[in-house]
**Student:** 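Structure incoming, see below.
We name chains A, B, ... by the order of the sequence lines, and we start the count at 1 in each one.
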2 protein chains.
Amino acid sequence: MSAPDIFSIGVLSERSGVNIETIRYYERAGLLQKPARSPGGYRLYRTVDVTRLSFIRRARDLGFSLDEIRHLLDLADQKFRSCRRVHDIGLTHLTEVRAKIRDLRRMEGILATMVKACANGTMPTCPLLEVLASA
Amino acid sequence: MSAPDIFSIGVLSERSGVNIETIRYYERAGLLQKPARSPGGYRLYRTVDVTRLSFIRRARDLGFSLDEIRHLLDLADQKFRSCRRVHDIGLTHLTEVRAKIRDLRRMEGILATMVKACANGTMPTCPLLEVLASA
DNA sequence: TATTGAGTCTGGAGTTCCTACAGGGTGTAC
DNA sequence: GTACACCCTGTAGGAACTCCAGACTCAATA
């Protein structure tokens, strides 16, 4: 664990913002490859693991399930031989991502209006529910 | 259950896109008020419940926890007397919403590029991980 | 109006995605 | 060589659902 680009699970946790226990869980769940081990049995990681783990964390924050993230990781890993398959999976997620952006934009608009009104000392009414409720 | 604006949990489920079991779970968790009951004990809902439930579903899809959603519902319900409190809670969520939008737009860009390249028959390399991994 | 079949009820167990110990081993710094 | 922080496995817990059994309700139809 002395080489600068090889580090322990604690360091990985710190650099990726993912809990140590969660990292081990992702390994069990197959989202991370089983890492190399030190002679004493410690897991050994590299920079590429930080990247992968940070991605998983962000994607989770954005409401993607582990299964969806598995798909996205497969895309990134170039696991699909067929261009058609990359296209289809990419398009599915693109549609989902765009829908999420649209919803978040709506929420942003409402929240910004409320915060602004409050800053002026005016107690605002809140159309938050209605704006997301409509199809 | 004959009046047009009063309906059963099954109809509510259909109109809101939320599982029947999940609706009952939200009731137990205090996100939905306890509904009126028919003489035989069936839950009775109204249009306002569809709105509220649809909002919860959307917010869950966007990665908000039930606790965060409780806060947002409180905002919408005008539960806070103080403008300061509305301002603070609104601002907290606004910051979170904007961060999510930023991440999703990055994903959107990558996915769109990949889908486009694939449509041209070119197998693209995928910088998906890198784009979200960076702080 | 009696029946039938879809819908609903409660309570409890199972699933996913973590998170928190307990009890023990590892690594390194003095 | 012994502290002390770190890591190991395994198991148990929590959040947010999801499913099921066995019993009851309701509306439609014969």
**Student:** Going by modelled atom types, is there a donor-acceptor pair between the base of D:dC6 and the side chain of A:Y42 at under 3.5 Å?
**Tutor:** yes
**Student:** Does OP1 or OP2 of C:dC18 have a side-chain N or O of A:Y26 closer than 4.0 Å?
**Tutor:** yes
**Student:** Round to a whole Å and report the spacing from CG of A:L31 to P of C:dT16.
**Tutor:** 13 Å
**Student:** Hey, could you give me the CZ/CZ distance between A:R37 and A:R43, rounded to the nearest 0.5 Å?
**Tutor:** 4.0 Å
**Student:** For B:S38 and D:dC26, is the shortest distance between a side-chain N/O and OP1 or OP2 below 4.0 Å?
**Tutor:** yes
**Student:** Any side-chain N or O of B:T22 less than 4.0 Å from the OP1 or OP2 oxygen of D:dT18?
**Tutor:** yes
**Student:** Does D:dT9 have OP1 or OP2 under 4.0 Å away from a side-chain N or O of A:R37?
**Tutor:** yes
**Student:** Return the value, rounded to whole Å, for the distance between atom OH of B:Y45 and atom C1' of C:dT8.
**Tutor:** 11 Å
**Student:** How close or far is atom C1' of D:dT18 from atom CZ of B:R60, stated in whole angstroms?
**Tutor:** 14 Å
**Student:** Mind calculating the distance between CG (A:N19) and P (C:dC21) to the nearest angstrom?
**Tutor:** 12 Å
**Student:** Assign each of B:S65 and A:G40 to its nearest nucleotide of DNA chain D by heavy atoms, then name whichever residue's nucleotide is nearer the 5' end.
**Tutor:** A:G40
**Student:** Whether A:R43 contacts D:dC8 is assessed here as follows: a side-chain N or O lying under 4.0 Å from the phosphate OP1 or OP2. Is that the case?
**Tutor:** yes
**Student:** Taking 4.0 Å as the cut-off, does a side-chain nitrogen or oxygen of A:R24 come that near to OP1 or OP2 on D:dC8?
**Tutor:** yes
**Student:** How long is the line joining CD1 of A:I20 and C1' of D:dA5, in whole Å?
**Tutor:** 11 Å
**Student:** Would one find a side-chain N or O of B:S8 under 4.0 angstrom from OP1 or OP2 of C:dT8?
**Tutor:** yes
**Student:** Can you find an N or O donor on one side and an acceptor on the other, under 3.5 Å apart, linking the side chain of B:E21 with the base of D:dC17?
**Tutor:** no
**Student:** Find the distance A:E14:CD to D:dA5:C1' and express it as a whole number of Å.
**Tutor:** 13 Å
**Student:** Within this structure, what is the OH-to-C1' distance between B:Y25 and C:dT8, rounded to whole angstrom?
**Tutor:** 21 Å
**Student:** What's the separation between atom OG1 in A:T47 and atom CZ in A:R52, rounded to the nearest 0.5 Å?
**Tutor:** 14.5 Å
**Student:** Can you name the closest pair of heavy atoms from A:M114 and B:V86 and give their distance?
**Tutor:** CE-CG1, 3.9 Å
**Student:** Nearest 0.5 Å please: distance from the CG atom of B:L72 over to the CD1 atom of A:I110.
**Tutor:** 11.5 Å
**Student:** Round to the nearest Å and state the distance from B:R28 atom CZ to C:dC9 atom C1'.
**Tutor:** 12 Å
**Student:** Looking at every non-hydrogen atom in both residues, tell me the closest pair between B:I56 and B:I69 and how far apart they are.
**Tutor:** O-CD1, 3.9 Å
